[in-house]
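What follows is a set of notes on a single structure, which appears directly below.
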Amino acid sequence: MRDLDMNQPASGGEEEEEFPMGSVEEDEEERGAVASGPHRPKKLRLSKEQSRLMEESFRLHHTLTPKQKEALAVKLNLRPRQVEVWFQNRRARTKLKQTELECEYLKRCFGSLTEENRRLQREVEELRAMRVAPPTVITPHTRQPLLASALTMCPRCERITAATGAPALRPAAAANPFHPRRPSAAF
DNA sequence: AGGGTCAAAGTGGCCC
DNA sequence: GGGCCACTTTGACCCT
């Protein structure tokens, strides 16, 4: 039933028939029951073969010249207007699909950017926290945390000492065997 | 039966 | 003025 060719143009050969989708007799019978308006013909459905050929043509070119339109209409036994409408709607469907794809892509972009933004915000928070708490060191003598800013270095022996004068830390450079050693208790 | 979906076709505006 | 596009209407069909 679906593939019945109900798309024959009305007899008479005139391009713009008032009821292009069926004979006048059919319209007389069905008009009142189906159509919303008194002069609205039943809507056609292209056959599978017609749709296939239209698609084939659409793959080759998305728009038709008047000659191509005419030729396709003849080939499919449709009116040129129907071919034109089909191509218009087909272009609209293509565009809609493309827009939907772009929409999905942008949604994914938004998602990953939101995630990266969250990650960077966390990083900023961590860096801020590190700056707020001043760096401290544990002195070997008192075993208490001491502000790093309170440390000074002895210009002579290059030992790091607390501002109080007591030696606090030995820098890595102090491990240098060439660094002058304190006289040992044995000497 | 009726609600949803799809596609054919109508309409009006814009552009060349 | 014809062709195209965006938007809308409407009929056919499908599913529950």
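Every chain is numbered from 1, with letters handed out A, B, ... down the list of sequences.
With rounding to the nearest 0.5 angstrom, the CZ atom of A:Arg118 is 5.0 Å from the CD atom of A:Glu115. Remark: A:Leu78 CG to A:Lys69 NZ distance equals 13.0 Å, nearest 0.5 Å.
Hydrophobic clustering (side-chain heavy atoms under 4.5 Å, transitive across Ile, Leu, Val, Met, Phe, Trp, Tyr) keeps A:Leu53 apart from A:Val85.
The CG-P distance, from A:Leu46 to B:dA9, rounds to 7 Å in whole Å. If you measure from atom NZ of A:Lys69 to atom C1' of C:dC4, you get 10 Å, rounded to the nearest angstrom. The distance between atom CZ of A:Arg81 and atom C1' of C:dG3, rounded to the nearest whole Å, is 10 Å. If you take CD of A:Glu55 and C1' of B:dA7, they are 12 Å apart, rounded to a whole angstrom. Rounded to whole Å, atom P of C:dT10 lies 17 Å from atom CZ of A:Arg45.
The two residues A:Arg79 and A:Ala73 have their closest heavy-atom pair at C-CB, 3.9 Å. Closest of all the heavy-atom pairs between A:His62 and A:Phe87 is O-CD2, 3.5 Å.
Near DNA chain B, meaning a heavy atom under 4.0 Å away, there are no residues from residues 57-68 of chain A. Within residues 83-102 of chain A, the residues approaching DNA chain B are A:Val85, A:Trp86, A:Asn89, A:Arg93, by heavy-atom distance under 4.0 Å.
Contact annotation: A:Gln82 reaches the phosphate of B:dA9 (side-chain N/O to OP1 or OP2, under 4.0 Å).
A donor-acceptor contact closer than 3.5 angstrom links the side chains of A:Thr94 and A:Arg90.
The backbone N or O of A:Phe110 lies less than 3.5 Å from a partner atom in the side chain of A:Thr114, making a donor-acceptor pair.
Between A:Arg91 and A:Thr63 the shortest side-chain heavy-atom distance falls below 4.5 Å.
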